[in-house]
Amino acid sequence: QAKDDGRNTYHFYDAVMHERILERRFLENEIRHALDNDKLDLYYQPKISFESGRIVGAEALIRWHHPDRGMIPPMEFIPIAERCGLISRIGEWVLETACAQAQRWRQAGLGLDNIAVNVSAAQFRNGDLGDIIDRILQSTGLEPEILELEITETTVMQEMDIIVEMLASLKKLGVGVAIDDFGTGYSSLAYLRRLPLTKIKIDRSFVTDILENQDASVVANAIISLGHSLNLKLVAEGIEKPDQAAFLAEKGCQEGQGYLFGRPMPSEDFQALLAAGQVYEKN
Ligand code: C2E
Ligand code: MG
Ligand code: MG
Ligand code: MG
């Protein structure tokens with residue numbers, strides 16, 4: 001009896017595993033196809049300055065609209081692209097597209113001071129990220145100070161040595177570096193001081209609960225103090241309510257991003273938003 005169960009269980013897992021492998025292989029092929037046929041898209045989400053209420057930058061966020069399956073979120077396909085080695089090509093496409101777009105907006109006099117691009121661990125591991133960025137800055141004509149790379153705290157902790165080295169060369173180029181989803185990992189002050197960062201991005205989980213949950217507001221406050229003492233700029237992600245923005249601004253966070261100010265949107269929509277020159281009033 002027990003033996004039978006064991007065998008059935010084995011067959012069951014076997015089938016599940018097999019299905020998963022097929023699904024992953026299917027998605028790998030579909031991602032490759034989308035990349036080769038220029039079917040990936042970049043959306044832009046506004047970042048505002050709490051001081052002026054104006055849009056000062058954008059975060060570029062990848063979108064993949066699959067013909068049969070609809071919108072597939074980056075959290076689903078980026079990990080697959082990382083595993084099968086496609087992330088380098090995708091990452092390069094994202095950097096190139098975002099820099100070219102930001103430069104067009106700047107040349108049109110739309111005044112965008114910052115374009116943030118997410119970079120995954122695999123792009124650092126390749127070792128040629130500095131050369132790629134250098135080339136893209138040359139070919140698009142974008143000033144290095146406008147580009148900001150976003151690296152998650154978790155990535156930094158996993159790849160500390162590679163990242164310290166790579167960031168040093170990126171700093172020489174003049175590119176900004178923000179540590180993304182900050183507060184969710186376990187980085188120590190000592191580590192942070194080793195990194196040539198320019199900005200800390202407070203994770204959405206603390207922002208969401210900032211008014212309801214004492215722990216979240218304590219952590220947010222501590223991150224802001226940390227940023228101030230390390231001379232780093234602060235930006236908060238996931239702001240959905242005016243009270244959250246007011247709290248963060250009052251504590252000395254300089255920039256905000258979230259549905260309150262705008263969702264990630266296609267380039268044409270973001271351009272219209274920039275052109276309108278809207279100012280968000282503090283309440
Ligand atoms: P992230 O870099 O932390 O990006 C912020 C995510 O929060 C985005 O999800 C954005 O749409 C969402 N968000 C922004 N404001 C709000 C808000 O007010 N409320 C809520 N509930 N959500 C908000 P998205 O676009 O699905 O991206 C998820 C993650 O996928 C990103 O997290 C980033 O880690 C990764 N990702 C996105 N684009 C790229 C890319 O081009 N390259 C790489 N390597 N990773 C990317
Ligand atoms: Mg990000
Ligand atoms: Mg983030
Ligand atoms: Mg996040």
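Order of appearance sets the numbers: ligands from 1, and atoms from 1 within every ligand. Starting from 1, each residue takes its place in the sequence as its number.
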Within the 4.0 Å heavy-atom cut-off, what Asp180 brings close to ligand 1 is side chain
Should Ile62 be counted as touching ligand 1, given the test is an N or O pair under 3.5 Å? yes
Of Glu148, Glu237, Gln257, the residue whose pairing with Lys47 passes side chain to side chain donor-acceptor pair (under 3.5 Å): Glu148
Polar atom proximity, Thr152 to ligand 1 (N or O, under 3.5 Å): no
For Glu150, the N, O or S atom at the shortest distance from the Mg ion (ligand 2) is OE1
Given Phe261, Tyr259, Tyr43, which has its nearest heavy atom closest to atom 17 (C) of ligand 1? Tyr259
Between Asp203 and Thr184: side-chain donor-acceptor atoms closer than 3.5 Å: no
Please determine whether any non-hydrogen atom of Gly91 lies less than 4.0 Å from an atom of ligand 1. no
Is it the case that ligand 1 has an N or O less than 3.5 angstrom from some N or O of Gln123? no
To atom 15 (N) of ligand 1, the nearest of Gln45, Gln257, Arg63 on a heavy-atom basis is Gln45
Counting only heavy atoms, tell me which of Arg204, Lys241, Lys201, Gln244 gets closest to atom 7 (O) of ligand 1. Arg204
Numbering as shown, the atoms of ligand 1 that approach Val94 to under 4.0 Å (heavy-atom distance): 41 (O)
Which atoms from ligand 1 have a heavy atom of Pro264 less than 4.0 Å away? 11 (O)
How far does CG of Asp134 sit from CG of Leu170, to the nearest 0.5 angstrom? 9.5 Å
Quick check on side chain to side chain donor-acceptor pair (under 3.5 Å): which of His66, Lys39, Arg25, Arg69 does Glu30 satisfy it with? His66
So Arg204 and Glu240, salt bridge (charged side-chain N to carboxylate O under 4.0 Å, His left out) or not? Walk me through it. CA-CA 10 Å; Arg204 170 155 63 91; Glu240 296 183 359; 5.4 Å; no
Just wondering, is there an N, O or S atom on Glu237 that's nearer than 2.8 Å to the Mg ion (ligand 2)? no
Could you please spell out the steps behind the side chain to side chain contact (heavy atoms under 4.5 Å, CB included) verdict for Asp113 and Glu145? CA-CA 8 Å; Asp113 291 335; Glu145 295 72 28; over 6 Å; no
Should the proximity of Ile239 to ligand 1, defined as any heavy atom under 4.0 Å, be assigned to the side chain, the backbone, both, or neither? backbone
Minimum distance, heavy atoms only, to atom 19 (N) of ligand 1: which one of Glu237, Glu150, Glu59, Glu240 is it? Glu240
Membership question, hydrophobic clusters at under 4.5 Å side-chain separation (ILVMFWY): are Leu211 and Val219 in the same one? yes
Angle class for the Trp105/Phe270 ring planes (parallel below 30°, perpendicular above 60°, tilted otherwise)? tilted
Only to 10 degrees, please: what angle do the OE2 atom of Glu59 and the OD1 atom of Asn118 make about the Mg ion (ligand 2)? 90°
Decide, counting backbone as well as side-chain atoms, whether Asp180 has an N, O or S atom less than 2.8 Å from the Mg ion (ligand 3). yes
For Gly258, the ligand 1 atoms whose distance to one of its heavy atoms is below 4.0 Å: 15 (N), 18 (O)
Answer yes when Arg125 and Glu82 have at least one side-chain N-carboxylate O distance shorter than 4.0 Å, and no when they do not. no
Distance to the ring centre below 6.0 angstrom and angle to the axis at most 45 degrees; does that hold for Arg194 and Tyr191? no
Could you establish whether Pro73 and ligand 1 come within less than 4.0 Å of each other, counting only heavy atoms on the residue side? no
Same cluster (ILVMFWY, side-chain, under 4.5 Å), Leu61 and Val119: no
Run the numbers for me: atoms of ligand 1, each under 4.0 Å from some heavy atom of Gly238, listed by number. 16 (C), 17 (C), 18 (O)
Before you tell me yes or no, could you show the steps for Ile179 and Leu192 under side chain to side chain contact (heavy atoms under 4.5 Å, CB included), namely the whole-Å CA-CA distance, both residues' side-chain angles and the distance that decides it to 0.1 Å? CA-CA 10 Å; Ile179 185 160; Leu192 273 186; 4.1 Å; yes
Would you check if the Mg ion (ligand 2) lies under 2.8 Å from any N, O or S atom of Asp181? no
For ligand 1, which atoms have a heavy atom of Ser120 less than 4.0 angstrom away? 44 (N)
Hydrophobic cluster membership, Ile48 vs Val279, 4.5 Å side-chain cutoff: no
